[in-house]
Amino acid sequence: MKSSIIILPLLLLSLLSFSNAAMDPDSIYQSFLQCLPSQSPDSDQDLSDIVYSSTANSTSYTAVLQAYIKNSRFNSTTTPKPSVIITPTTESHVQAAVLCAKKVGVQIKIRSGGHDYEGISYISSEPDFIILDMFNFRSIDVNIADETVVVGVGAQLGELYYRIWEKSKVHGFPGGVCPTVGVGGHLSGGGYGTMLRKYGLTVDHVVDARIVDVKGRVLDRSSMGEDLFWAIRGGGGASFGVILSYTVKLVPVPEVNTVFRILKTVAQNATELVYKWQTVLPESDDDLFVRVLLQPVTVNRRRTGRATFIAHFLGDSDRLVALMNKKFPELGLRKEDCIEVSWIQSVLYWANFDVNTTAPEILLNRQSSVNFGKRKSDYVQTPISESGVRSIFDKLVELGKLGFVFNPYGGRMYEIPADATPFPHRAGNLYKIQYSIGWNDADPELEANYLNQTRVMHDFMTPFVSKNPRGAFLNYRDLDIGVTTGDEKNSYNEGVVYGEKYFMGNFDRLVKIKTEVDPDNFFRNEQSIPTLAGKSSVTSTGYCEEAIKMMKIGILLPWVCKMLLG
């Protein structure tokens with residue numbers, strides 16, 4: 001009898017620990033098939049058409065999963081896969097998916113374009129998760145009369161730009177330069193582009209939005225309130241709900257724009273030019289944006305550093321050359337270096353298309369090349385000395401593959417208060433750095449080497465970049481700077497590590513809003529906004545785990561008792 005008494009706690013412990021294992025994917029699939037129609041009764045569609053499972057319709061499941069994976073690092077056989085993918089076509093489908101995910105007890109990942117650099121819209125550190133893939137939400141309604149666009153989160157930037165160009169040749173939108181980036185992630189994280197200095201960020205032009213909240217309600221700006229509307233314009237929408245669409249204001253663009261690209265190696269005074277660029281561009285004409293790429297290259301069989309200066313100017317080449325000769329004569333810009341283009345052609349140019357041979361319709365192509373990659377970010381607030389720039393070139397050559405992208409600030413970015421949106425990195429920053437590395441070979445040793453290069457360079461840059469806290473850009477997602485484990489007791493303490501880097505003094509306001517609108521932290525990911533300690537109840541996953549525990553104990557306890565008591 002004593003041995004039986006000893007065995008009983010061990011058996012109960014094994015039951016409890018076993019209950020934390022992943023649920024059966026097929027049972028999750030069946031649960032959603034049963035739940036979705038009851039939560040979306042107005043739908044006349046067979047909802048099995050929008051639900052994909054690795055067990056029930058594996059070929060379609062794989063095709064849908066891989067269609068918007070934009071980083072091959074997260075497309076291996078060992079990459080965590082969702083139990084179910086849901087591809088809603090109506091708002092009621094989204095509402096039902098949220099309510100059913102809560103009921104079933106699985107984490108929900110929200111994907112718009114899949115360009116998130118760490119893949120967190122389609123992979124998870126939790127055992128049970130689903131993907132809510134919003135690619136069907138790609139309607140674009142351009143209204144030139146009031147200069148607005150209502151754009152679905154599944155639309156891509158190239159599609160948005162094309163639809164604007166269709167209606168007007170003197171309107172544009174200050175978004176990013178990669179045409180296949182999804183609108184949802186780009187806008188909710190504070191996206192930017194080549195009109196940054198003239199018009200600020202994408203979120204500075206968002207005037208309304210539609211979102212499905214944790215209760216399954218569809219809310220617009222009026223019904224969600226100004227706090228939540230503030231949060232989803234730079235705080236990352238996936239922490240607060242499922243964004244359906246944004247309404248944005250268009251900006252005026254001239255009929256004639258000018259672009260140029262000038263390459264200089266270290267032997268051609270690249271070091272001195274980069275140093276001068278830091279001091280000139282933030283104070284230059286707001287119509288001018290000049291990005292600088294720093295990378296190691298081979299010239300005459302020797303490795304060296306090279307700087308590439310790429311410009312977009314909202315005006316003609318005569319005015320640009322005169323401006324550059326006055327502000328930055330060292331670069332030696334000539335009229336023959338310049339290409340005069342329309343705004344839509346500037347989009348093509350920055351997307352690396354030939355503006356002379358490429359029609360704007362290419363922007364409607366939703367397919368993009370996919371390789372392996374890693375990104376990091378930093379902000380520079382005081383000019384790096386010439387010797388510092390030289391040491392950076394030397395380090396890039398030493399490492400061998402990594403490159404830098406320097407994006408200048410100034411202009412409108414200095415005029416908007418740091419707390420106007422969750423994105424805080426405004427006045428006081430000269431430029432933003434993107435650390436960029438990409439490769440094509442699925443070799444684990446190669447990947448380890450390249451990831452290490454980004455971390456070594458990030459450490460090397462510490463003396464040159466912002467401090468206390470060291471800033472980072474949410475849309476250059478980087479899990480190296482901190483993650484949350486989903487432990488509610490430590491949620492805030494884990495979240496503040498990366499949260500203050502991304503959001504600076506705006507982080508605590510985001511946490512308060514999150515706690516108010518999603519106290520159980522249902523909408524969560526590896527770098528989501530946490531809830532305040534002590535304010536959350538048990539998460540949906542927690543409820544499910546408790547239910548499974550009780551179910552398994554209820555089934556097995558009579559058997560245990562019978563065994564022990566004979």
Query raised in the report: Going by an N to O cut-off under 4.0 Å, is there a salt bridge joining D478 and R375?
Result: no

Kindly list each side-chain donor-acceptor pair under 3.5 angstrom involving residues 319-329, sequence neighbours excluded, with atom names and distances?
{"from": "R319", "atom 1": "NH2", "to": "D287", "atom 2": "OD2", "distance (Å)": "2.9"}
{"from": "R319", "atom 1": "NH2", "to": "L314", "atom 2": "O", "distance (Å)": "3.1"}
{"from": "N325", "atom 1": "ND2", "to": "V321", "atom 2": "O", "distance (Å)": "3.3"}

Query raised in the report: Hey, does the side chain of Q278 reach the backbone of I384 with a donor-acceptor pair shorter than 3.5 angstrom?
Result: yes

Query raised in the report: Centroid-to-centroid, F473 to F423, below 6.0 Å?
Result: yes

Requested in this report: Just say parallel, tilted or perpendicular for the rings of W277 and Y431, cut-offs at 30° and 60°.
Outcome: perpendicular

Query - Side-chain heavy-atom pair K264, N269 within 4.5 angstrom cut-off - result: no

Requested in this report: If a pair satisfies salt bridge (Lys or Arg N to Asp or Glu O under 4.0 Å) and one of its residues is in residues 409-428, list it, with sequence neighbours excluded.
Outcome: D204-R426, R412-E415

Report summary line: Sorted by chain and residue number, the ring-ring contact (aromatic ring centres under 6.0 Å, His included) partners of F74 (sequence neighbours excluded) come out as none

Query - Donor-acceptor pair, side chain of H186 and main chain of G176, under 3.5 angstrom - result: yes

Query raised in the report: If only atom types and distance count, is the side chain of N143 paired as donor or acceptor with the main-chain N or O of A145 below 3.5 Å?
Result: yes

Query raised in the report: Got a donor-acceptor contact below 3.5 angstrom from the S112 side chain to the G185 backbone?
Result: yes

**Report entry** Y199 side-chain N/O to P252 backbone N/O, donor-acceptor pair under 3.5 Å
**Finding:** yes

Requested in this report: Give a yes or no answer on whether the side chain of R210 reaches the backbone of T247 with a donor-acceptor pair at less than 3.5 Å.
Outcome: no

Query raised in the report: Is the backbone of L263 close enough, under 3.5 Å, to the side chain of T308 for a donor and an acceptor to pair up by distance?
Result: no

Query raised in the report: Counting N and O atoms only, with roles assigned by atom type, does the side chain of H205 sit under 3.5 Å from a partner on the main chain of L250, one being a donor and the other an acceptor?
Result: no

Requested in this report: Please confirm whether R509 makes a cation-pi placement over F503, using NZ or CZ under 6.0 Å from the six-membered ring centre and within 45° of the ring normal.
Outcome: no

Query raised in the report: Does the distance from a Lys or Arg side-chain N to an Asp or Glu carboxylate O, for E526 and K109, drop under 4.0 Å?
Result: yes

Requested in this report: Give a yes/no verdict on a cation-pi contact between R111 and Y68, requiring under 6.0 Å between NZ or CZ and the six-membered ring centre and an angle within 45° of the axis.
Outcome: no

Report task. Determine whether the side chains of Y192 and N407 contain a donor N or O and an acceptor N or O closer than 3.5 Å. Result -> yes

Query raised in the report: Hey, what's the ring geometry for W439 with F372, parallel, tilted or perpendicular (30° and 60° as the breaks)?
Result: parallel

Query raised in the report: Between E398 and R303, is there a salt bridge with N-O shorter than 4.0 Å?
Result: no

Query raised in the report: When you measure from the side chain of S284 to the backbone N and O of L281, does any donor-acceptor pair fall under 3.5 Å?
Result: no

Query - Within 45° cone of W165 ring axis and under 6.0 Å: K169 NZ or CZ - result: yes

